[in-house]
Amino acid sequence: QRRVRGSYPQAFTMKHNNMIANEHFRKYWQRYVKTWFNQPAKKKARRMARQAKAAAVAPRPVAGSLRSLVHPPTVRYNTKVRIGRGFSLAEIKVTTLHTPKA
């Protein structure tokens with residue numbers, strides 16, 4: 001079979017991401033498409049729920065007992081501030097905090 005430049009025989013297999021020639025898509029394609037138009041509303045609802053939950057437990061510390069802020073001992077780290085291991089009983093008595101909370 002002689003090939004004319006730019007044309008292909010009928011049995012040629014298509015490669016790459018090219019257009020499918022002369023196909024008639026008559027399927028109900030909307031059934032297979034998932035839309036996400038409610039994404040902004042869900043984002044807002046999640047944010048409002050987080051704020052409501054935070055307001056409900058507002059005076060509580062976020063996680064665990066209260067910790068002091070300390071400077072690490074070595075030259076490498078002593079410019080930074082990290083969370084310490086907690087307060088001593090004497091410090092708690094001075095601040096009049098309840099012992100299990102601190």
Side-chain angles (χ1 to χ4, degrees):
Q1 205 180 39
R2 189 168 170 238
R3 186 192 283 183
V4 181
R5 189 174 201 180
S7 66
Y8 297 102
Q10 199 67 16
F12 182 73
T13 57
M14 203 51 131
K15 291 183 180 177
H16 309 296
N17 192 18
N18 299 328
M19 184 178 74
I20 300 172
N22 253 348
E23 288 292 330
H24 299 283
F25 295 109
R26 297 199 176 161
K27 291 179 181 168
Y28 179 49
W29 60 270
Q30 289 92 344
R31 182 178 9 182
Y32 306 109
V33 175
K34 177 112 172 109
T35 59
W36 208 8
F37 296 126
N38 61 347
Q39 183 185 17
K42 283 193 177 274
K43 179 180 179 180
K44 185 176 180 184
R46 281 194 303 269
R47 183 174 182 198
M48 299 300 282
R50 274 196 306 271
Q51 287 175 347
K53 186 176 178 182
V57 297
R60 269 189 247 171
V62 178
S65 58
L66 294 175
R67 302 293 182 109
S68 59
L69 293 178
V70 296
H71 287 271
T74 59
V75 174
R76 180 177 179 182
Y77 296 110
N78 65 8
T79 58
K80 310 225 182 251
V81 175
R82 68 169 172 83
I83 295 174
R85 298 197 48 194
F87 296 101
S88 67
L89 286 174
E91 291 170 331
I92 293 171
K93 285 180 183 173
V94 168
T95 58
T96 64
L97 280 174
H98 188 56
T99 308
K101 277 190 176 180

**Asked** Quick one: side-chain contact (heavy atoms from CB on, under 4.5 Å) partners of Q51, sequence neighbours excluded?
**Response** R47, M48

**Request:** Determine whether more than 12 heavy atoms belonging to other residues, nucleotides or ligands lie under 6.0 Å from atom CZ of R82.
**Result:** yes

**Message:** On a heavy-atom basis, which atom in S68 and which in G86 lie closest, and how many Å separate them?
**Reply:** OG-O, 3.7 Å

**Prompt:** Does V70 sit in a hydrophobic cluster with other residues, and if so which ones, taking ILVMFWY side chains as linked at heavy-atom separations under 4.5 Å, directly or through other members?
**Reply:** none

**Message:** Please give me the minimum heavy-atom distance between R85 and R67, naming the atom from each residue.
**Reply:** CA-NH1, 3.8 Å

**Prompt:** Looking only at heavy atoms, which two atoms of K80 and H71 are closest? And how far apart?
**Reply:** O-ND1, 3.2 Å

